[in-house]
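Take a look at the structure set out below.
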Amino acid sequence: MKFIKSNLAKIIVASLIFPAVMFILAFVVKRHTVSSYWQMLSDILVFVIAFLLNKFFFQQKINWFNSKNWSAQLYTAMPAIILIAVLDSATLTATDLAIKLRIIVLCLLVGLAEEYIFRGLLVSLFLKLFHNNVLGAVIGSSVMFGLIHTMNLKSMPIGYVSGQVIFAAAIGLLFGTIYVKTKNLSIVILLHALRDMFPMFSNKLMAEAAKMQFSMSSLYVISILFLITLFIAYVQLKDFKLERELF
């Protein structure tokens, strides 16, 4: 009973929310046409379950918004903004680029659900588990964020999924650092949504992405990206003093 109430148990439960909901919905979705509306429903359901679990079980404070020191918040977020801008720049060359409200809403819901769990909940829980070791908490939540992408093994080869896992962990390092330093979950939700949505505005780019093959060279590049983001997180957090009452 004591273990159930421990921070480690809460971390495990929080990390399993996404795969559990996806597993349950898979039985329903297979009887229907899979669409973006089903994806929206699943993200709403994940968020609602996580929200209720936090209210009655995790009991972690979520810092949704911070209106103070916008210049400092922007400075902290700049590495992530630059990375997302570079990654999304290919979208600007697409001839069939079309902004769609449905995609914007979908990506905002994905960002809401994933950031609420992996930054809002898990960063706070790892802070308690690691006795306020901020870098350790950011790394821990980022690793869990990366591992959640192993769910894609059911439809993608292991090499390709390995790249997704490492890339997600790299992005998670930047997002976790932003959340800890800015106390503003809204920023990382928006950045997450921007990263996801722009490639989806082009059917051509999405079709090309679906045909991408795994290569060791791409895995090396993603691994280097992970090391770069780890270094950025270390530099930004090494002298950071956590204000305990905020988490």
Side-chain angles (χ1 to χ4, degrees), residues 10-66 80 84 88 98-125 141-142 144-156 161 164-165 167-169 171-172 175-176 178-179 182-203 206 209-210:
K10 291 178 179 180
I11 287 170
I12 294 172
V13 172
S15 302
L16 291 176
I17 295 173
F18 248 107
V21 172
M22 296 301 107
F23 179 79
I24 293 170
L25 284 180
F27 290 100
V28 178
V29 174
K30 70 182 180 181
R31 298 183 177 90
H32 300 80
T33 301
V34 177
S35 67
S36 57
Y37 297 106
W38 275 108
Q39 293 175 329
M40 291 181 194
L41 175 62
S42 66
D43 288 313
I44 292 172
L45 185 58
V46 166
F47 172 72
V48 170
I49 291 173
F51 182 85
L52 292 175
L53 281 173
N54 187 41
K55 184 176 180 62
F56 298 106
F57 178 56
F58 302 130
Q59 297 181 333
Q60 302 302 304
K61 180 179 179 180
I62 304 297
N63 296 296
W64 284 102
F65 189 74
N66 182 5
I84 291 170
D88 287 348
I99 297 175
K100 301 163 188 162
L101 179 60
R102 172 174 50 84
I103 290 175
I104 294 174
V105 173
L106 170 62
C107 292
L108 285 171
L109 288 174
V110 171
L112 172 64
E114 294 190 357
E115 294 308 316
Y116 183 82
I117 292 174
F118 292 97
R119 254 55 69 180
L121 294 179
L122 284 181
V123 165
S124 297
L125 289 169
S141 63
S142 301
M144 300 308 293
F145 183 53
L147 290 176
I148 202 68
H149 289 77
T150 56
M151 292 191 302
N152 294 331
L153 283 170
K154 63 177 182 257
S155 58
M156 299 178 181
V161 173
Q164 285 187 324
V165 169
F167 178 78
I171 288 288
F175 287 175
I178 293 169
Y179 179 57
T182 67
K183 288 86 180 177
N184 190 342
L185 189 65
S186 299
I187 291 181
V188 287
I189 291 173
L190 179 60
L191 289 173
H192 192 137
L194 289 172
R195 169 63 196 113
D196 289 343
M197 75 173 63
F198 276 89
M200 295 177 69
F201 288 147
S202 167
N203 292 330
M206 293 299 291

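Values below: every heavy atom of this structure, side chains too, minus hydrogens, waters and symmetry copies.
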Using the ring of Phe57 (Phe, Tyr or Trp, six-membered ring only), decide whether Lys10 places NZ or CZ under 6.0 Å from its centre and within 45 degrees of its axis.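 Satisfied, under 6.0 Å and within 45°.
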Arg119 to Phe145 six-membered ring, cation-pi geometry met (6.0 Å, 45°):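 Output yes; distance and angle both within limits.
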Within 6.0 angstrom of Phe201 CZ, more than 12 heavy atoms from elsewhere: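 Atom CZ in Phe201 is packed in, count exceeds 12.
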N/O donor-acceptor pair under 3.5 Å between [X] side chain and [Y] backbone:
| X | Y | result |
| --- | --- | --- |
| Ser15 | Met144 | no |
| Ser142 | Gly172 | yes |
| Tyr116 | Val48 | no |
| Asn66 | Thr182 | yes |
| Gln39 | Tyr37 | no |

For the residue pair [X] and [Y], establish whether any side-chain heavy-atom pair is separated by less than 4.5 Å.
| X | Y | value |
| --- | --- | --- |
| Ile148 | Glu114 | no |
| Leu106 | Asp43 | yes |
| Phe58 | Phe51 | no |

Pair Phe23-Met151, side chain to side chain contact (heavy atoms under 4.5 Å, CB included): steps then yes or no: CA-CA 10 Å; Phe23 179 79; Met151 292 191 302; over 6 Å; no
What distance separates [X] [atom1] from [Y] [atom2], expressed to the nearest 0.5 Å?
| X | Y | atom1 | atom2 | value |
| --- | --- | --- | --- | --- |
| Ile62 | Ser124 | CD1 | OG | 5.5 Å |
| Phe175 | Leu185 | CZ | CG | 11.0 Å |
| Ser202 | Ile99 | OG | CD1 | 12.0 Å |
| Leu53 | Leu121 | CG | CG | 8.5 Å |
| Glu115 | Phe47 | CD | CZ | 12.5 Å |
| Leu41 | Leu109 | CG | CG | 10.0 Å |

Going by atom types only, do Asn54 and Gln59 share a side-chain donor-acceptor pair under 3.5 Å?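 No.
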For a quick test of reading the model, state the closest non-hydrogen atom pair linking [X] to [Y] and the distance between them.
| X | Y | value |
| --- | --- | --- |
| Asn152 | Gln164 | ND2-OE1, 2.8 Å |
| His192 | Gly111 | CG-CA, 3.9 Å |
| Met40 | Arg102 | CE-O, 3.2 Å |
| Ala14 | Ile117 | O-CG2, 3.6 Å |
| Val165 | Thr150 | CG2-CG2, 3.8 Å |
| Ser186 | Trp64 | OG-O, 2.7 Å |

